[in-house]
Structures are given as structure tokens and as C-alpha cells.
Amino acid sequence: MTDELPELRASDADRERVAEILRDALAEGRLDMEEFEERLEATYKARTYGELTPITRDLPAAPGSVPAVNLVKEPVADGSWASRITGGEGSSTWAVAVMSGFQRKGRWTVPRRFNCFAFWGGGDLDLREANFADREVVINCVTIMGGVNIIVPPGVEVDVRGIGIMGAFDQREDGVLGDPGAPRVIVTGFAFWGGVGVERKVTRAERQRLRAERRQEKLDRKQSMRELHESFRHDHRDRRDRRDRRDRYED
């Protein structure tokens with residue numbers, strides 16, 4: 001299994017673990033900004049464990065092995081809010097975009113507090129398929145001539161508390177009541193000549209399911225109309241036949 005491991009496909013969570021190591025190395029001065037950006041770009045382009053391994057091989061946090069991978073199949077979540085509030089730690093706790101961008105989407109775990117910074121850059125935080133480390137999570141955004149876009153699924157309560165100076169925090173979803181048991185997302189931070197957007201969307205799979213349901217409802221209505229029309233025709237023909245028989249009898 002060890003020889004085959006480098007050829008296994010890496011997940012978003014695996015890339016985030018490597019990116020977290022790089023951010024720690026940048027903060028400790030082990031990498032300069034140019035090296036950090038080069039390695040971070042390579043991290044998000046990596047598709048297999050073999051491509052991820054050399055990126056952090058010379059850093060203390062990575063003893064030369066590929067990121068940890070769980071080869072045991074986990075139970076499938078039932079999709080309820082209770083199953084998506086998992087506890088524990090998040091997949092990553094912060095993100096930085098300096099004249100660049102960052103993205104968190106798919107199956108990742110939102111920590112109790114997530115910090116992000118965008119300077120002349122932007123980032124996307126997609127929570128539609130995410131799990132949550134706690135019933136209430138905080139997303140702290142600092143944007144300077146940059147922007148962060150947060151996408152939440154229907155049912156999640158959003159509380160926007162950020163401050164904007166020549167910038168803004170999107171308040172459209174603020175105060176919308178959430179579903180019972182759903183997580184609460186608090187958006188805080190500071191925006192200077194930048195902005196933090198919050199929008200509510202369903203997942204692509206849910207959108208396709210709803211579209212299929214609407215298509216089926218439309219087909220069902222057409223079928224009902226055809227059956228009603230056919231029933232009307234039969235009824236009209238029966239009345240006409242009875243009238244003809246009565247006329248023949250009277251003649």
C-alpha cells in the first residue's frame with residue numbers, strides 16, 4: 001500500500017493541510033514570500049500525493065511523508081444538520097490572498113474561527129457542502145482593496161458584524177432565520193476599499209434535483225391535461241351516440 005500511496009488522488013482537505021504547513025513556515029520565516037507563493041500554487045495544482053510530497057519535504061512540520069490519508073471508509077453522512085456539525089478541528093483555520101486568490105469549497109470542515117486576509121486579491125468561501133466544527137462558527141475577514149465572497153446554503157443563519165470604510169459587508173442575508181439545528185455563521189472583520197459578500201445558494205446537485213422535479217411536475221401536468229382532454233372527448237362522443245340513438249328511436 002505504501003508504494004501505491006503517492007499515486008492516489010489527493011483531496012481538497014489534503015491540499016489544505018499542505019497549505020497550512022506552508023503558511024506556518026511563512027510566518028516563522030522559513031520561507032520568503034516568493035517561495036511561499038510558488039509552493040502554494042504548486043499545492044493547489046497537485047492532483048496526487050506524489051505531487052504533494054516534495055512541497056513540504058524540507059519543512060519541520062512534514063517529515064518527508066505524504067499527508068495523512070485515511071484508507072478506512074467512513075460512514076456516509078445522512079445530510080442532516082446534526083451530521084454536519086462534527087466537532088473537532090477544521091480543515092484549515094486561515095487563508096491569505098496577496099495579489100492572488102484563495103478558495104475553500106467542497107467537503108471541508110469550517111473551524112470554530114476562520115481568519116482570512118485579502119490584499120489586492122480575493123477569496124471564495126463556499127459552505128454549501130461543508131461540515132462545521134461547532135454549532136456557531138466565526139469567519140473573520142480583513143480586506144484591503146480586495147474582496148471575499150461567502151456562499152452559505154439555505155437554512156444556515158448568518159450574522160454580519162463587519163465594519164467597512166470605503167468598503168462594505170453585504171447585509172442582505174443578515175437576520176434571516178435558520179432551520180432548527182442548523183449552524184450559525186458570524187461574519188466579522190474590516191473592509192477598506194474592499195468588500196465582503198454573502199450570498200445564499202443551493203448546491204449544483206440540489207439545483208439539478210429541483211430542476212428535475214420541476215420538469216417532472218410539468219410532464220405530470222401535461223399528462224393530466226391529456227387525460228382530461230381524452231376523458232372529455234369520450235364523454236362528448238358518448239353523449240352524441242346517446243342522442244343519435246334517441247333520435248333513431250323517435251323516428
Side-chain angles (χ1 to χ4, degrees), residues 12-33 35-37 39-41 43-44 56 59 61-62 67 84-153 156-171 173-174 183-199:
D12 286 341
D14 298 321
R15 284 183 280 271
E16 285 304 323
R17 282 195 289 268
V18 173
E20 194 74 22
I21 293 172
L22 295 177
R23 296 184 190 106
D24 291 341
L26 176 66
E28 294 168 358
R30 301 180 188 276
L31 296 176
D32 59 29
M33 182 57 71
E35 291 175 315
F36 169 76
E37 291 178 350
R39 297 194 188 197
L40 190 64
E41 182 179 1
T43 297
Y44 288 120
T56 56
L59 299 176
R84 294 178 63 176
I85 301 175
T86 58
E89 302 296 329
S91 302
S92 62
T93 57
W94 62 297
V96 176
V98 178
M99 293 183 288
S100 60
F102 63 80
Q103 189 178 69
R104 303 289 186 276
K105 67 176 183 177
R107 293 290 183 181
W108 68 293
T109 301
V110 184
R112 290 174 177 83
R113 183 179 180 85
F114 184 89
N115 296 299
C116 56
F117 174 74
F119 174 72
W120 278 16
D124 293 307
L125 300 177
D126 191 339
L127 312 186
R128 289 177 293 178
E129 298 181 13
N131 293 324
F132 299 83
D134 203 350
R135 171 71 176 75
E136 183 175 281
V137 298
V138 177
I139 298 179
N140 183 57
C141 305
V142 177
T143 66
I144 300 175
M145 293 180 286
V148 174
N149 189 48
I150 303 172
I151 304 175
V152 299
V156 169
E157 181 183 354
V158 180
D159 183 2
V160 180
R161 304 177 183 176
I163 299 173
I165 297 179
M166 291 184 288
F169 277 73
D170 193 342
Q171 302 284 335
E173 300 298 335
D174 186 30
R184 183 168 182 250
V185 177
I186 299 175
V187 180
T188 65
F190 174 75
F192 177 72
W193 278 17
V196 176
V198 181
E199 56 183 331

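Excluded from the calculations below are hydrogen atoms, water molecules and symmetry mates; all remaining heavy atoms, backbone and side chain alike, are included.
Annotation for Arg30 and Glu35: closest pair O-OE1, 4.3 Å, computed over non-hydrogen atoms. Summarising the geometry of Phe169 relative to Gly164, their closest heavy-atom pair is CD1-N, 4.3 Å, with the distance given to 0.1 Å. Between Gly121 and Ala118, the shortest heavy-atom distance links the atoms O-CB, 3.8 Å. Between Arg23 and Tyr44 the shortest heavy-atom distance is NH2-OH, 3.1 Å. Residues Gly197 and Asp170 come closest through the heavy atom pair CA-CB, 3.7 Å. Residues Pro111 and Ala133 approach most closely at CA-CB, 3.9 Å, considering heavy atoms.
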Show every donor-acceptor pair shorter than 3.5 Å between a side-chain atom in residues 145-153 and any protein atom, with sequence neighbours excluded, or say none if there are none.
| unit_1 | atom_1 | unit_2 | atom_2 | d |
| --- | --- | --- | --- | --- |
| Asn149 | ND2 | Glu199 | OE2 | 2.8 |

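Separation of atoms CD1 (Ile186) and CG (Asn140) is listed at 11.5 Å; rounding is to 0.5 Å. For the atom pair Ile21 CD1 and Leu59 CG, the distance stands at 7.5 Å (nearest 0.5 Å). Expressed to the nearest 0.5 Å, how far CZ of Phe132 lies from CZ of Arg84 amounts to 5.5 Å. Expressed to the nearest 0.5 Å, how far OG1 of Thr56 lies from CZ of Arg17 amounts to 11.5 Å. Considering CD of Glu173 and CG of Asp159, their distance stands at 13.0 Å, rounded to 0.5 Å.
For the side chain to side chain contact (heavy atoms under 4.5 Å, CB included) with Leu125, the lone residue among Lys105, Arg104, Gln103 that qualifies is Arg104.
Leu127 places a side-chain heavy atom less than 4.5 Å from the side chain of Trp108. Contact check for Phe117 versus Ile144: side-chain heavy atoms found under the 4.5 Å cut-off. Contact annotation: the side chain of Cys141 never approaches that of Phe114 to less than 4.5 Å [non-hydrogen atoms, C-beta and beyond]. Residues Ile165 and Phe190 are in side-chain contact: their nearest non-hydrogen atoms beyond the backbone lie under 4.5 Å apart.
Asp174 contributes a side-chain N or O that, together with a main-chain N or O of Val160, makes up a donor-acceptor pair within less than 3.5 Å. The main-chain N or O of Arg135 is never found under 3.5 Å from a side-chain atom of Arg184 such that the two would form a donor-acceptor pair.
Partners of Trp94 under the ring pair (Phe, Tyr, Trp, His ring centres under 6.0 Å) rule, at least two apart in sequence or in another chain, do not exist in this structure.
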Dump the intermediate steps for side chain to side chain contact (heavy atoms under 4.5 Å, CB included) on Leu40 and Phe102, then the final yes or no.
CA-CA 10 Å; Leu40 190 64; Phe102 63 80; over 6 Å; no

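At a cut-off of 3.5 Å, with distance as the only test, no side-chain donor of Thr109 or Glu89 sits close to an acceptor on the other residue.
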